[in-house]
Structures are given as C-alpha cells and as structure tokens.
Amino acid sequence: QSLDIVDISDDIDRNKHQLRPLLLFGIYFEGLASFLLARQTNNSERIRWLAKGENVLTKIRYWSEHSSWNWEDKMVLLEAEKLYTLGNFDQAALLYERAIRLAHEHKFVNDEAIASELAGIFFCERGLNDLKGEALLLHSVQCYKTWGALAVARRVETYIANKYGTDSLQRKPDSEILSSVLASQDDSSKNEKDD
C-alpha cells in the first residue's frame, strides 16, 4: 500500500510531467524513503523498495554527472542509504561522512542537516560509534534550525533525548568529531603527507 504513496518518479514518467525543482526533490526524497522502507519490510516488499531506491539513485547519478555541485551530495547520501540497506556498513559509514562534507562544502545546509541526521541514526542503530552518532545528530539539529525547519529539529531532539537523555540536548556537537567529518579530503591527504 505504501508503494502507491511513494511513487513520484513513476507518476512523472506516466504523466510526462515537466521536471520542476519541487518534483526533482520529491524524487530524491522518494529514494531516501525507499531505502528506509526496504530496511523495514520483508523479502518481497524489500526487493520492490530496493528496486525503487535504485531507480531513483540512477536518476540522481545522471543529474550529478551534469551538475555535481547541486546533486553530488544527494547521490552520495542515497548510495550510503543503499549500502546501509544491503549491510555494507563500513562503506556506508564513509559515504555518510562524505555526503555531510559535500553538503557543507556546497553550502546546502538543508542537505547537511538531512545527511547528518541519517548518519547519526546509522551510527546509533548499528552501535558503531555512539559519540559520533550523538555529535552528528546534534549537528543536524543545528543545521535544521539554521534552515528554519524547527519542527524537524524538535523531532531529532526527541530522538536524541530518548537515546542519550535530555542532558545531551544541552551539549554542542563534539568539535573534534565534527571537524574530522567536515575536513575535506584534500586536508586529510595533506595531514598524511605531514606525518
């Protein structure tokens, strides 16, 4: 039933809608929702959701080839979500961080907020690094507030309070963790040369 609700890209194809920014972002969010729903459903539904997410990822990958500034961080985040869904957690972790870094470098605070939230949830759910998870979730709250998405910021704050306690909401994101995530690849290769 939910497959009918998350069906923006097929509706665009069927009805030959002109691609407007609102529809393009709808397709992107459809991809994010598809990978999330694939993780939450059984085998037959999972396969359908994965295929839908893959379809959206293919479109975003194409758009990224023509406008990497606008689409690369979104493509990388979708790839991270796909790898998380497929159980490739090490690669997913790297791609989540890259998506945050690209959104930050390209000045898309909305994408930085979304990528930070999804990365934080990923680290929390997988038990990979609670400190990093908390830092990224707190960072996403800051980004959502900067963007003006106050209701979304409150939703993430509720998640943080449930996971880490209400005291954690008084803290700022760990600056060392955040710096390591936001450091460009060029900076990290310079540091390796200095060592």
Side-chain angles (χ1 to χ4, degrees), residues 25 28-36 39-40 53 56-57 60 64 68-85 88-192:
F25 284 100
Y28 167 60
F29 289 116
E30 178 180 306
L32 292 175
S34 295
F35 289 124
L36 172 67
R39 288 194 298 272
Q40 296 176 345
V56 169
L57 180 55
I60 302 286
S64 180
S68 63
W69 188 265
N70 290 319
W71 293 102
E72 186 178 20
D73 68 285
K74 295 164 189 65
M75 176 193 70
V76 171
L77 183 58
L78 282 168
E79 288 175 345
E81 284 285 287
K82 174 187 170 185
L83 290 174
Y84 178 17
T85 303
N88 188 341
F89 305 130
D90 292 338
Q91 280 300 111
L94 295 173
L95 289 177
Y96 278 118
E97 291 182 20
R98 183 169 174 233
I100 295 166
R101 185 172 43 255
L102 286 167
H104 182 77
E105 288 172 2
H106 296 184
K107 310 290 188 233
F108 291 124
V109 70
N110 55 328
D111 290 342
E112 187 176 351
I114 293 165
S116 296
E117 178 187 2
L118 293 177
I121 291 170
F122 165 77
F123 282 107
C124 289
E125 287 180 354
R126 300 308 315 156
L128 296 174
N129 187 330
D130 264 352
L131 291 175
K132 185 176 275 188
E134 181 185 30
L136 292 173
L137 288 166
L138 289 168
H139 180 65
S140 78
V141 169
Q142 289 178 340
C143 291
Y144 280 129
K145 287 180 178 179
T146 300
W147 184 27
L150 302 181
V152 181
R154 282 191 300 276
R155 179 184 49 75
V156 177
E157 286 174 333
T158 300
Y159 182 90
I160 294 168
N162 290 336
K163 176 75 176 163
Y164 300 104
T166 55
D167 291 345
S168 64
L169 296 174
Q170 307 308 314
R171 293 192 288 267
K172 293 188 184 277
D174 184 292
S175 58
E176 281 185 36
I177 291 172
L178 212 50
S179 294
S180 72
V181 170
L182 296 177
S184 73
Q185 292 171 336
D186 294 336
D187 291 343
S188 59
S189 63
K190 286 178 194 173
N191 292 338
E192 289 171 6

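Shortest non-hydrogen contact noted between E112 and A103 is N-CB, 3.4 Å. When every heavy atom of I177 is checked against every heavy atom of A135, the shortest pair comes out as CG2-CB, 3.9 Å. Listed here is the closest heavy atom pair of V156 and S140: CG1-OG, 3.5 Å. In terms of heavy atoms, S68 sits closest to H106 at O-CE1, 3.8 Å. Among all heavy-atom pairs drawn from C124 and D130, the shortest one is CA-OD1, 4.2 Å.
Contact annotation: the side chain of L138 never approaches that of Q142 to less than 4.5 Å [non-hydrogen atoms, C-beta and beyond].
Between the S116 side chain and the A113 main chain, no donor and acceptor come within less than 3.5 Å of each other.
Taking CG of L182 as the reference point, atom NE2 of H139 lies at 5.0 Å (rounded to 0.5 Å). For the atom pair CG of L102 and CH2 of W69, the computed distance is 9.5 Å after rounding to the nearest 0.5 Å. S34 contributes atom OG, which lies 9.0 Å from atom CG of L78 (distance to the nearest 0.5 angstrom). If you take CD on Q91 and CG on L83, they are separated by 6.5 Å, rounding to the nearest 0.5 Å. We find the NZ-CG distance between K172 and L178 to be 11.5 Å, quoted to the nearest 0.5 Å. For the atom pair CG of N88 and OG1 of T85, the computed distance is 11.0 Å after rounding to the nearest 0.5 Å.
In this structure E157 satisfies the side chain to side chain contact (heavy atoms under 4.5 Å, CB included) test together with V141, K145, R154, L169, sequence neighbours excluded. Checked against ring-ring contact (aromatic ring centres under 6.0 Å, His included), Y96 has the following partners two or more places apart in sequence or in another chain: F122.
Using a 3.5 Å distance cut-off with no hydrogens or angles, the side chains of E125 and Y84 do pair a donor with an acceptor.
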From CA spacing to verdict: side-chain contact (heavy atoms from CB on, under 4.5 Å), E117, R155: CA-CA 11 Å; E117 178 187 2; R155 179 184 49 75; 2.6 Å; yes
Should V152 and W147 be marked as a side-chain contact (heavy atoms from CB on, under 4.5 Å) after you check the CA-CA gap, both sets of side-chain angles, and the distance that decides it? CA-CA 10 Å; V152 181; W147 184 27; 5.9 Å; no
Where do F35 and V56 land on the side-chain contact (heavy atoms from CB on, under 4.5 Å) test, with the steps shown first? CA-CA 10 Å; F35 289 124; V56 169; over 6 Å; no
Worked check of side-chain contact (heavy atoms from CB on, under 4.5 Å) between D111 and L77: CA-CA 9 Å; D111 290 342; L77 183 58; over 6 Å; no
Would R98 and E79 count as a salt bridge (charged side-chain N to carboxylate O under 4.0 Å, His left out) here? Give the steps. CA-CA 11 Å; R98 183 169 174 233; E79 288 175 345; 5.2 Å; no
R39 and E81: CA distance, side-chain angles, deciding distance, salt bridge (charged side-chain N to carboxylate O under 4.0 Å, His left out) verdict: CA-CA 10 Å; R39 288 194 298 272; E81 284 285 287; 3.1 Å; yes
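Relative orientation of the F25 and Y28 rings is perpendicular, given thresholds of 30° and 60° on the angle between their planes.
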